[in-house]
There are 2 protein chains.
Amino acid sequence: MHDLEPIAARLSAGGIQPTPQRVKVAAMLLAEPQHLTADQILARLRAAGERVSKATVYNTLNLLAEKGVVRQLAADGQRAWFDSNVSPHFHFQDVETGALTDIAPPEVQFERLPPPPPGMEYAGIELFIRLRRV
Amino acid sequence: MHDLEPIAARLSAGGIQPTPQRVKVAAMLLAEPQHLTADQILARLRAAGERVSKATVYNTLNLLAEKGVVRQLAADGQRAWFDSNVSPHFHFQDVETGALTDIAPPEVQFERLPPPPPGMEYAGIELFIRLRRV
DNA sequence: ATATGTGCAAATCCTTTGCATAGAA
DNA sequence: TTCTATGCAAAGGATTTGCACATAT
């Protein structure tokens, strides 16, 4: 793992103290556009020889999501998925494997969306298009 | 709890053997348009004096969802939500409380949607508009 | 010094499973 | 009878928590 400085900078920019563990967790997810669970990230860190605890991985991912450095997805009712891409976009999901694929924003255009109820405002839009094999 | 006959009929129509427990579980959810977790349904059944086991509630809800009698939602990464409304519609979700509210289909119109990838077909669309207090 | 972060194991929450019993076809 | 459903408790997976230790400010 290299190029940790820009990752550390992104954490700092998000108001997160860039500790070595946090930078490693963030770097693993932000390495490329992808969707990973906490356990997958932990496994990859371990496989890469890094020593990070499970608690720290969870703490860090929650913190990153809260600060907007990564995006947390509710893709299934069982576990949280973390998306390295925080710009607006949508997802295909294979109903059989659970695999997630990005849909670029121009692929989805809304002709109409409801106004938020009184006293509320939009906090985000999550669109999943479930796919099955033909 | 009354009017169980039409519920039993809906189960039969869905190819589900309408046992007393299944009818009670289904009746509790289908009583009105609502979104409930398995545990909420179990608690309400118990509060109503019904004796149904947790395993049966889970088994039944999974079966109902599989057969299309109810709809299962991945509204958060922690637990499954069950929706009594199986006709196409979308949801608001309060990011703070997790509460779900229906959005009627005409409120959302898509000007454009991506075609499914080769060899795949649409299995459903799930749209959550997250809301926060202003 | 004082705040904050980390690691471990235990605890918690949600869901499924194994298996004996009960009920339906 | 024979197949299917139910209930209980135990097991399982994902996540959080408590607390002592380590690290940063």
Side-chain angles (χ1 to χ4, degrees), chain A residues 4 7-9 11-12 14-29 35-46 49-67 69-70 72-83 97-98 100, chain B residues 4 7-9 11-12 14-29 35-46 49-67 69-70 72-83 97-98 100:
Chain A
L4 296 183
I7 299 293
L11 299 201
S12 298
I16 299 172
Q17 193 177 307
T19 67
Q21 288 88 342
R22 286 175 177 169
V23 173
K24 284 169 195 160
V25 170
M28 186 58 76
L29 178 56
H35 314 90
L36 298 174
T37 66
D39 256 12
Q40 289 176 326
I41 292 172
L42 178 60
R44 291 185 184 197
L45 287 169
R46 294 275 165 84
E50 303 292 350
R51 281 184 293 84
V52 185
S53 72
K54 181 180 287 197
T56 295
V57 170
Y58 276 93
N59 287 341
T60 300
L61 289 170
N62 286 339
L63 186 59
L64 292 172
E66 187 188 318
K67 298 297 188 180
V69 178
V70 306
Q72 185 165 5
L73 302 175
D76 63 63
Q78 308 312 303
R79 59 197 142 177
W81 289 85
F82 294 91
D83 190 340
T97 67
L100 294 166
Chain B
L4 296 182
I7 300 293
L11 299 202
S12 298
I16 300 171
Q17 194 177 307
T19 67
Q21 287 87 343
R22 286 175 177 168
V23 172
K24 284 170 196 161
V25 170
M28 186 59 76
L29 178 57
H35 314 89
L36 297 174
T37 66
D39 256 11
Q40 289 176 325
I41 292 172
L42 178 61
R44 293 186 183 197
L45 287 170
R46 293 276 163 85
E50 303 292 349
R51 281 184 292 83
V52 185
S53 72
K54 182 181 285 196
T56 296
V57 170
Y58 276 94
N59 287 341
T60 298
L61 289 170
N62 286 340
L63 186 59
L64 293 172
E66 187 188 317
K67 298 297 188 178
V69 177
V70 306
Q72 185 165 6
L73 302 175
D76 63 64
Q78 308 312 303
R79 60 197 137 179
W81 289 85
F82 293 91
D83 190 338
T97 66
L100 294 166

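Letters A, B, ... mirror the listed sequences (proteins, then strands); counts begin at 1. Note that these values count all heavy atoms, side chains included, but never hydrogens, waters or copies made by symmetry.
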### Task
Look up atom OH in B:Tyr58 and atom CG in B:Leu42, then write down how far apart they are to the nearest 0.5 Å.
8.0 Å

#### Entry: Gap between atom CD of A:Glu66 and atom CD1 of A:Ile16 - 0.5 Å precision
8.5 Å

### Query
What is the distance, rounded to the nearest whole Å, between atom CG of A:Asp39 and atom P of D:dT16?
12 Å

### Closest-nucleotide ordering on DNA chain C, the 5'-leading residue of B:Pro20 and A:Gly77
A:Gly77

### Message
Quick check on C:dC8: is either OP1 or OP2 less than 4.0 Å from any side-chain nitrogen or oxygen of A:Ser53?
### Response
no

### Query
From C:dG5, D:dC8, C:dA9, pick the nucleotide closest to the side chain of A:Arg22?
C:dG5

### Query
Quick one: is D:dT6 close enough that its OP1 or OP2 comes under 4.0 Å of any side-chain N or O from B:Arg51?
no

### Task
Give the nucleotide from the list D:dT17, C:dT15, D:dT4 with an atom nearest to the side chain of B:Ala80.
C:dT15

### Summary
Across every strand shown, the nucleotide meeting Watson-Crick or G-U wobble geometry with C:dA9 (both distances under 3.5 Å) is D:dT17

### Task
Grab the NZ-P distance between A:Lys54 and C:dT12 for me, whole Å please.
17 Å

#### Entry: Candidates C:dC14, D:dA5, C:dT6 - which lies nearest the side chain of B:Arg79
C:dC14

### Query
In whole Å, what is the span from the CD atom of B:Gln21 to the P atom of C:dT21?
18 Å

### Query
A:Asn59 has an atom CG; how far is it from atom P of C:dC8, in whole Å?
14 Å

#### Entry: Distance, rounded to the nearest Å, where A:Leu42 contributes CG and C:dT6 contributes C1'
14 Å

### Test salt bridge (charged side-chain N to carboxylate O under 4.0 Å, His left out) applied to B:Glu50 and B:Arg44, B:Arg22, B:Lys24, the passing residue
B:Lys24

#### Entry: Rounded interatomic separation in angstrom, taking OH from A:Tyr58 and P from C:dC8
16 Å

### Task
Compare side-chain N and O positions of A:Thr19 against OP1 and OP2 of C:dT6 and report whether any pair is under 4.0 Å apart.
yes

### Task
Select from B:Val52 and B:Gln78 the residue whose nearest nucleotide in DNA chain D is closer to the 5' end of that strand.
B:Val52

## Note on the structure
note: B:Leu45, atom CG; D:dT6, atom P; distance rounded to Å ~ 13 Å

### Interatomic distance where CG belongs to A:Asn62 and C1' belongs to C:dT6 [whole Å]
15 Å

### Query
OG1 of B:Thr56 to CG of B:Leu63: how many Å apart, nearest 0.5 Å?
11.5 Å

### Query
Is there a side-chain contact between B:Leu64 and B:Leu29, using heavy atoms and a 4.5 Å cut-off?
no

### Task
Just name whichever nucleotide pairs with D:dT23, Watson-Crick or G-U, keeping both distances under 3.5 Å, else none.
none

